[in-house]
Amino acid sequence: MRFATWNVNSVKARLPRLLAWLDATKPDVLCLQETKVAADGFPSAEVAELGYETAAYGQGRWNGVALLSRIGLADIRNGFPGEPGYPDPEARAISATAGGIRFTSVYVPNGRTPDDPHYQYKLAWLAALRPVLAAEVAAGPAVVAGDFNVAPTDDDVWDPAVFVDSTHVTPAERAALAAIRDIGLTDIVARPMKGDHPFTYWDYRAGMFHKNLGMRIDLVLATPPVAGRVTDAVVDREARKGKGPSDHAPIVVDIDG
DNA sequence: ATGCCTCGCGCGGCGAGA
């Protein structure tokens with residue numbers, strides 16, 4: 001099985017690239033984030049022509065997550081019990097079962113700055129996600145993938161000095177992420193196609209991508225039965241090249257069976 | 001060359017992203 005995760009930064013703006021990428025990469029399951037469309041605006045018919053069914057959870061202008069699968073989607077759930085809002089619930093998590101694995105696509109709140117209320121929302125959101133994932137981990141094979149908006153270590157940002165007093169690297173954010181990993185999830189670190197760091201995000205500005213000044217903030221977490229089957233995991237930086245890319249690259253994971 | 005920001009909303013310019 002091949003599965004992937006990709007923050008597309010608007011599924012409508014990215015549709016030609018998404019379709020070409022699906023056709024070339026052929027993941028069985030794809031976790032999408034930042035789709036920026038309501039469910040009824042999702043291009044389900046277009047991806048269906050490539051054999052994918054869609055579970056989409058969106059609210060329009062911001063956020064939005066989805067799951068695409070060509071091996072079925074069962075028990076679809078939008079959001080999760082006890083999910084905090086800002087102040088209202090936002091479309092940041094969707095889960096479904098495909099190929100015997102429980103997939104959850106997550107778009108963790110950005111946090112903005114450590115003194116912004118959005119930062120406390122981010123920490124509360126991660127804390128509320130933890131027991132929900134713990135139940136899924138206990139229930140069977142599970143994958144949690146998406147844009148976590150946390151760089152797990154200083155090695156996951158291009159220059160730690162630039163990020164002092166910024167979100168994505170604070171001890172509280174890293175502790176919240178570690179608490180999620182510690183319920184029994186393995187961080188499947190993908191190999192970079194180029195360079196030493198498997199960055200998944202590069203700012204659009206100032207030529208950050210071609211200087212490889214990025215961050216590893218998109219993660220694939222898996223239970224041991226899934227992590228043990230991984231044969232390859234790669235950041236597809238080809239998808240970040242050219243005209244009209246997302247600012248995030250997909251992570252593609254291959255597993256036995 | 002991978003190339004210097006882009007999205008939605010909505011029609012001017014702004015909030016948000018990380």
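A note on names: the letters A, B, ... follow the listed sequences, proteins ahead of strands, and every chain is numbered from 1.
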Can you name the side chain to side chain donor-acceptor pair (under 3.5 Å) partners of A:N63, sequence neighbours left out?
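A:N63 satisfies side chain to side chain donor-acceptor pair (under 3.5 Å) with A:Q59, A:R92 once adjacent residues are dropped.
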
Take atom [atom1] of [X] and atom [atom2] of [N], then tell me their distance rounded to the nearest Å.
{"X": "A:R17", "N": "B:dT6", "atom1": "CZ", "atom2": "P", "value": "11 Å"}
{"X": "A:L15", "N": "B:dG8", "atom1": "CG", "atom2": "P", "value": "12 Å"}
{"X": "A:K243", "N": "B:dC5", "atom1": "NZ", "atom2": "P", "value": "14 Å"}
{"X": "A:D116", "N": "B:dA18", "atom1": "CG", "atom2": "P", "value": "14 Å"}
{"X": "A:E238", "N": "B:dG3", "atom1": "CD", "atom2": "P", "value": "11 Å"}

Taking the nucleotide of DNA chain B with the closest heavy atom to each, which residue, A:M208 or A:V108, is nearer the 5' end?
A:M208

Start at the 5' end of DNA chain B and walk down; is the nucleotide closest to A:K12 or to A:T113 reached first?
A:K12

In whole angstrom, give me the gap between the [atom1] atoms of [N] and [M].
{"N": "B:dG15", "M": "B:dG10", "atom1": "C1'", "answer": "14 Å"}
{"N": "B:dC4", "M": "B:dG8", "atom1": "C1'", "answer": "23 Å"}
{"N": "B:dA16", "M": "B:dA1", "atom1": "P", "answer": "38 Å"}
{"N": "B:dA18", "M": "B:dC7", "atom1": "P", "answer": "14 Å"}

Below 4.0 angstrom, N of the basic side chain to O of the carboxylate: do A:R205 and A:D247 qualify?
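No, this pair does not count.
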
Let me have the donor-acceptor pairs involving side chains of residues 178-185 of chain A, under 3.5 Å, with sequence neighbours excluded, atom names and distances please.
none

Would you tabulate the side-chain donor-acceptor contacts of residues 36-55 of chain A under 3.5 Å, counting partners in other chains and residues two or more places apart, or write 'none'?
unit_1: A:K36; atom_1: NZ; unit_2: A:N9; atom_2: OD1; d: 2.9
unit_1: A:Y52; atom_1: OH; unit_2: A:P27; atom_2: O; d: 2.5

side-chain contact (heavy atoms from CB on, under 4.5 Å) partners of A:A145, counting only residues at least two apart:
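Only A:T5, A:C31, A:V143, A:V220 meet the side-chain contact (heavy atoms from CB on, under 4.5 Å) criterion with A:A145.
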
Option passing side chain to side chain donor-acceptor pair (under 3.5 Å) with A:R2 (candidates A:T231, A:D254, A:T25)
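Answer after filtering A:T231, A:D254, A:T25: A:D254.
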
For A:R112, give me all partners under salt bridge (charged side-chain N to carboxylate O under 4.0 Å, His left out), at least two apart in sequence or on another chain.
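Residues passing salt bridge (charged side-chain N to carboxylate O under 4.0 Å, His left out) with A:R112: none at all.
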
Salt bridge (charged side-chain N to carboxylate O under 4.0 Å, His left out) partners of A:D28, counting only residues at least two apart
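Salt bridge (charged side-chain N to carboxylate O under 4.0 Å, His left out) list for A:D28, sorted by chain: A:R70.
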
Taking only residues at least two apart or on different chains, which pairs with a member in residues 61-111 of chain A satisfy ring pair (Phe, Tyr, Trp, His ring centres under 6.0 Å)?
A:F3-A:F103, A:F80-A:W125, A:Y86-A:H118, A:Y86-A:Y121

Not counting sequence neighbours, list each pair that qualifies as a ring pair (Phe, Tyr, Trp, His ring centres under 6.0 Å) and has a residue in residues 203-248 of chain A.
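Residue pairs passing ring pair (Phe, Tyr, Trp, His ring centres under 6.0 Å), neighbours aside: A:Y201-A:H248, A:W202-A:F209.
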
Residues that, via side-chain heavy atoms closer than 4.5 angstrom, fall in one hydrophobic cluster with A:Y119
A:L123

With a 4.0 Å cut-off on heavy atoms, is A:G242 in touch with a base, just the backbone sugar-phosphate, or nothing at all?
sugar-phosphate

Would you tell me if any nitrogen or oxygen in the side chain of A:T167 comes within less than 4.0 Å of OP1 or OP2 on B:dA18?
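A:T167 to B:dA18 OP1/OP2: no side-chain N or O under 4.0 Å.
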
Identify the pairs formed between an N or O of the protein and an N or O of nucleotides 11-17 of chain B at a distance under 3.5 Å, and give each distance.
unit_1: B:dG17; atom_1: OP2; unit_2: A:R112; atom_2: NE; d: 2.8

Among A:D187, A:D155, A:D196, exactly one meets salt bridge (Lys or Arg N to Asp or Glu O under 4.0 Å) together with A:R216. Which residue is that?
A:D187

Using a 4.0 Å cut-off on heavy atoms, which residues in residues 170-181 of chain A reach DNA chain B? List them by number, or say none.
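Heavy-atom cutoff 4.0 Å gives no residues at all.
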
DNA chain B contacts among residues 150-166 of chain A, heavy-atom distance under 4.0 Å:
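Of all residues in residues 150-166 of chain A, none places a heavy atom under 4.0 Å from DNA chain B.
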
